[in-house]
Amino acid sequence: MISDNIPTQLGLLSMLQALILDNNLLTGIPSSLGNLSSLTSIGLSYNNLSGTIPETLARLTNLTFLGLGYNRLSGTIPAGLFNLSSLSNLHASYNDIHGTLPLTLGSTLPNLQTLAVGFNRFSGPIPGSLANISSLVNIFVPGNEFSGEFPVLGEKMPKLRRI
C-alpha cells in the first residue's frame, strides 16, 4: 500500500492517460494533477484523502472517469467539474462533501452514465435536468440532505437501471 500525499511531481507527466491509485493510504490530492491534460481516468477511491477537491481538476477536459469515493474529502465539488462534458462516471460517495448539485447538470454533463454522490451532505433539490441525460444508467444519491421531490425520470432515459 502506498501512503502519504500523492507526489506533486505526477503533474509533470503530461502524456499520462490514467491515474489509478485506489485502495491505498493516500492523504491528499495535489492541485498539479490539473496539469495532466491527457488524463481520461482518475481512480482515488478507498484511500484516506482529506481536504477539498482541487479546482484545477476542472481543466481536465478529456476526463471521463473520476473516482473519489470512500475517503474523507470535504468542501464542495468544484463547479468546473460539472462542466466537463466528457465526464461519464462521477463517483464521490462516502465522503463529507456538501453543497448543491447544479440545476443544469443534465445539460452540462450530457455523457454521464453514473452519478454516485451518496452518503455526503448534499442539500437542495435533485436536479430535474437529470431526465435529459439519455446515457444515464446509475443514480446513487442516498444519505444526503436533499429536499423536494425526486424528479420525474421517464422515456428520455432508456438506459437507466438503478436509482
Side-chain angles (χ1 to χ4, degrees), residues 2 4-118 120 122 126-127 129-141 156-162:
I2 304 169
D4 208 4
N5 286 324
I6 298 169
T8 57
Q9 295 85 349
L10 283 179
L12 300 174
L13 302 173
S14 61
M15 299 305 289
L16 190 68
Q17 293 180 348
L19 177 65
I20 309 299
L21 293 170
D22 297 322
N23 296 304
N24 282 289
L25 298 171
L26 298 168
T27 56
I29 304 173
S31 61
S32 63
L33 292 186
N35 297 332
L36 301 174
S37 59
S38 298
L39 209 57
T40 61
S41 299
I42 297 177
L44 297 174
S45 295
Y46 298 97
N47 277 288
N48 286 323
L49 298 174
S50 60
T52 59
I53 300 168
E55 291 188 25
T56 57
L57 295 186
R59 296 193 306 233
L60 302 176
T61 57
N62 295 312
L63 196 65
T64 60
F65 179 88
L66 180 58
L68 300 173
Y70 297 87
N71 283 292
R72 296 180 297 126
L73 294 168
S74 57
T76 61
I77 293 179
L81 285 178
F82 293 114
N83 291 318
L84 293 177
S85 61
S86 61
L87 195 63
S88 60
N89 292 278
L90 174 58
H91 297 268
S93 296
Y94 294 95
N95 279 289
D96 193 30
I97 301 169
H98 65 273
T100 59
L101 296 177
L103 296 178
T104 57
L105 191 67
S107 59
T108 59
L109 295 179
N111 297 303
L112 197 63
Q113 294 175 5
T114 297
L115 174 65
V117 294
N120 282 289
F122 285 100
I126 296 173
S129 65
L130 286 176
N132 297 329
I133 308 175
S134 61
S135 58
L136 201 56
V137 177
N138 301 301
I139 302 172
F140 183 73
V141 296
K156 293 182 185 178
M157 305 181 80
K159 296 181 181 179
L160 189 62
R161 299 290 179 258
R162 282 186 226 150

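Atom CD1 of I139 is separated from atom CZ of R161 by 12.5 Å, given to the nearest 0.5 angstrom. Here T76 contributes atom OG1 and N120 contributes atom CG; the two are 11.5 Å apart, rounded to the nearest 0.5 Å. The line from OG1 of T52 to CG of N95 is 11.5 Å long, rounded to the nearest 0.5 Å. Taking CD1 of I126 as the start and CG of L103 as the end, the distance is 12.0 Å to the nearest 0.5 Å. Rounding to the nearest 0.5 Å gives a distance of 6.5 Å between CG of L68 and OG of S45. Expressed to the nearest 0.5 Å, how far OG of S134 lies from CG of N111 amounts to 8.5 Å.
Contact detail for S14 and L36: the closest heavy-atom pair is N-CD2, 4.3 Å. The minimum heavy-atom distance linking I133 with P110 is given by the pair CG2-O, 3.7 Å. What you find for A18 and L39 is that their closest heavy atoms are N-CD1, 3.6 Å. For the pair G118 and S93, the tightest heavy-atom approach, listed with the atom from each and the gap, is N-OG, 2.9 Å. The two atoms that bring L84 and A58 nearest to each other are CD2-O, 3.3 Å, heavy atoms only.
Among P30, P78, S32, S31, the single residue meeting the side chain to side chain contact (heavy atoms under 4.5 Å, CB included) criterion with P54 is S31.
Under the 3.5 Å distance criterion, the side-chain polar atoms of N138 are left unmatched by any main-chain donor or acceptor of A116. With hydrogens and angles disregarded, no donor-acceptor distance shorter than 3.5 Å links the side chain of N132 to the backbone of L130. A donor-acceptor contact shorter than 3.5 Å is absent between the side chain of T64 and the backbone of S88. Here the side chain of D96 pairs no donor or acceptor atom with the backbone of S74 at under 3.5 angstrom.
Heavy atoms of other residues, nucleotides or ligands lying less than 6.0 angstrom from OH of Y46 number 12 at most. For Q113, the CD atom counts as densely surrounded, since its 6.0 Å shell holds more than 12 non-hydrogen atoms of other residues, nucleotides or ligands.
Judged as a side chain to side chain donor-acceptor pair (under 3.5 Å), and not counting sequence neighbours, the contacts of N89 are T114. Shown here are the side-chain contact (heavy atoms from CB on, under 4.5 Å) partners of L10, two or more places apart in sequence or in another chain: I6, P7, L13, L19, L33. When the side chain to side chain donor-acceptor pair (under 3.5 Å) test is applied to N35, the partners found at least two apart in sequence or on another chain are R59.
Contact check for N48 versus R72: side-chain heavy atoms found under the 4.5 Å cut-off. L87 has its side chain out of reach of F82: every pair of non-hydrogen atoms, C-beta onward, lies at least 4.5 Å apart. Residues I53 and L66 are not in side-chain contact: their nearest non-hydrogen atoms beyond the backbone lie 4.5 Å or more apart. Taking 4.5 Å as the limit, every side-chain heavy atom of L16 sits out of range of all side-chain heavy atoms of S38. Contact annotation: the side chain of I29 approaches that of L73 to within less than 4.5 Å [non-hydrogen atoms, C-beta and beyond]. In this structure, the side chains of L81 and L57 come closer than 4.5 Å at one or more pairs of heavy atoms. Residues V141 and F122 have side chains not in contact (no heavy-atom distance under 4.5 Å, counting atoms from C-beta outward). Side chains of L109 and L115 form no contact here, defined as non-hydrogen atoms less than 4.5 Å apart.
In the model, T27 has a side-chain atom that pairs as donor or acceptor with a side-chain atom of N5 under 3.5 Å.
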Could you go through F65 and H91, starting from their C-alpha distance and side-chain angles, then the distance that decides it, and tell me whether this counts as ring-ring contact (aromatic ring centres under 6.0 Å, His included)? CA-CA 8 Å; F65 179 88; H91 297 268; 5.4 Å; yes
